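Structure record follows, encoded as structure tokens.
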Amino acid sequence: MAELKKAPYYQPQKGLFGVELKEFKGVRGCIPLDTPTGVSIDRLPPGVKPPSPPNHTTGSKKTEKQTRVPPSAQQPKTLQAKAKRIPTELEFEACENPPTFDLQDVPFAMDKLGWTVSAKLARTWFSCAAHIFNDDPRSEQPLNDSVVTLDWALRFGSVRKKYEKFLTSDIYTLGAVGAATDAVKSFVRQLFESRNSNLSVDTSQFLGDLRNFHADWQFQKLTISDGDTFNGLTLTDLTGSLANFNIYAAVGNVEISTEKYFRYERGRTLYCLNAIGKITHIYVYVKDNYSFNGKQYLGHWNKHGIIIAPGTWLTGSSSSKKDTDIDIWLKAFNKPVDTRKGLFGKLKEPDVYFPVFNADYNRWREKHQRGGDFMVYSKPVHLKLKTPIDLKLGEICRPESLSSLG
């Protein structure tokens, strides 16, 4: 019998300097399994009671079944393109009954990896009413601001380094100053037209509605990619929870100085001011959406952790991947694999990993009418700027009669 060709993979493991992403290849690689079953979506949602059993008894108790693996259409475009060019096929090991793995086991695996925030967000999604995220930035969306914090996000990868540059230079660019000017001038105009004598700006009064606060007051963003969340080449809790996300700066406090005067035109009197502003404080926060729109591979999972196929999550990182590493997964990408770590036996539950895709979460949501996408915010952090941001608000006028001024 011909020897099965093994596929290389990557797995987070504890090392001398924390968790490291270790490569397993050659004889230590994994064996793709030829099986019609994949991740189970049959387990009831959290808090849902099973239906009452029928009065009559029949045969043996049904066991939790697994569903068919996702179609090959779920492969990333890089793998699909190579599939057209590579005619060779990978050999599989036939397997009728792999160990059971339910989609709701993913948060438990995250806990074992130490990904506590990832697990909390995942459990939140499973517990919520069914909702598909609407990408319209002004749309009403469920919102969670109790799990992710800015301080936590800054602990991983190169996020803090990029954040420090963001605060020292990015918020002072012409584009950022222009966006802040537009937001502040609009607010000062409203105060002036309503005859408010105090034109200073303090946006803390708007923090009760983060969606509108973000829409009205943010003026610069810092884009964080999944590669920025890695510690070295190792996936982290931040990778598992948010991966690609943004950090925003929003207007906090602005000192307003004005020169007031009257202007006369076309038989009417205008009361005007020429205003300048100085942003002394800003708010900084994380924002992302926790959703499963689009086609995305989320790793191979079991109840104990995750392994990663080459050429997928790591494609965007600084580590180059060999074409042969990707080629070997072409026919196996949607299949469970057996890492077969022990010297004896096969198909052991800790060794078998199942591919998980966005499509699995969408199928789960359709089946159970649960699974709610939501917006993720960290609570905005109030920061005093070492160097204030100067704004030229220009002229603001309102119609005024001399008699009203006394």
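Remember, predicted model here, so these are calculated numbers, not experimental data.
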Distance only, no hydrogens: is a donor on one side chain within 3.5 Å (strictly under) of an acceptor on the other, for [X] and [Y]?
| X | Y | value |
| --- | --- | --- |
| Ser194 | Asn196 | no |
| Trp125 | Asp373 | yes |
| Asp288 | Tyr290 | no |
| Lys112 | His304 | yes |
| Tyr353 | Gln11 | yes |
| Glu395 | Tyr261 | yes |
| Thr124 | Ser127 | no |
| Ser204 | Asp202 | yes |
| Ser40 | Asp102 | yes |

Is [X] salt-bridged to [Y], cutoff N-O under 4.0 Å?
| X | Y | answer |
| --- | --- | --- |
| Arg28 | Glu23 | no |
| Arg268 | Glu400 | no |
| Asp228 | Lys161 | no |
| Lys348 | Asp351 | no |
| Lys346 | Asp338 | no |
| Arg123 | Asp111 | yes |
| Arg155 | Asp237 | no |

Checklist entry - Which pairs count as ring pair (Phe, Tyr, Trp, His ring centres under 6.0 Å) when at least one residue sits in residues 137-158, sequence neighbours excluded? => result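 Every pair satisfying ring pair (Phe, Tyr, Trp, His ring centres under 6.0 Å) with a residue in residues 137-158: Trp152-Phe156.
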Item to check | Candidate pair Phe374 and His131, rule ring pair (Phe, Tyr, Trp, His ring centres under 6.0 Å), full reasoning | outcome: CA-CA 8 Å; Phe374 53 91; His131 175 74; 9.6 Å; no
If I take atom [atom1] from residue [X] and atom [atom2] from residue [Y], how far apart are they, to the nearest 0.5 angstrom?
| X | Y | atom1 | atom2 | result |
| --- | --- | --- | --- | --- |
| Leu154 | Arg160 | CG | CZ | 4.5 Å |
| Asn274 | Cys397 | CG | SG | 9.5 Å |
| Cys30 | Glu93 | SG | CD | 11.5 Å |

Closest approach of [X] and [Y], non-hydrogen atoms and distance?
| X | Y | value |
| --- | --- | --- |
| Val251 | Ile279 | CG2-CD1, 4.2 Å |
| Lys6 | Gly26 | CB-O, 3.5 Å |
| Ala130 | Arg365 | CB-CG, 3.9 Å |
| Ile171 | Phe219 | O-CE1, 3.8 Å |
| Phe354 | Val352 | CE1-CG1, 3.8 Å |

Next on the checklist: Assess the residue pair Phe126 and Trp364 against the criterion (ring pair (Phe, Tyr, Trp, His ring centres under 6.0 Å)); give the C-alpha distance rounded to whole Å, side-chain angles, the decisive distance to 0.1 Å, and a yes or no.
Outcome noted: CA-CA 9 Å; Phe126 282 116; Trp364 190 94; 4.9 Å; yes
What side-chain donor-acceptor pairs closer than 3.5 Å can you find for residues 173-192, not counting sequence neighbours?
residue, atom, partner, partner atom, Å
Thr173, OG1, Asp170, O, 3.2
Thr173, OG1, Ala176, N, 3.3
Thr173, OG1, Gln220, NE2, 3.4
Thr181, OG1, Val177, O, 2.7
Lys185, NZ, Leu393, O, 2.9

Atom [atom1] of [X]: over 12 foreign heavy atoms under 6.0 Å:
| X | atom1 | answer |
| --- | --- | --- |
| Gln205 | CD | yes |
| Glu349 | CD | yes |
| Lys162 | NZ | yes |
| Glu265 | CD | yes |
| Phe108 | CZ | no |

Item to check | Ring-face cation of Lys341 near Phe24 (centre distance under 6.0 Å, axis angle within 45°) | outcome: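 Yes, a cation-pi geometry.
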Next on the checklist: On the six-membered ring of Phe92, is Lys335 placed so that its NZ or CZ lies under 6.0 angstrom from the centre and within 45° of the ring axis?
Outcome noted: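 Ring-cation test returns yes.
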Next on the checklist: When you measure from the side chain of Lys278 to the backbone of Val254, do you find a donor-acceptor pair of N or O atoms at a distance under 3.5 Å?
Outcome noted: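 No: the side chain of Lys278 does not pair with the backbone of Val254.
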Next on the checklist: When you measure from the side chain of Gln104 to the backbone of Arg43, do you find a donor-acceptor pair of N or O atoms at a distance under 3.5 Å?
Outcome noted: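 Confirmed, Gln104 side chain pairs with Arg43 backbone.
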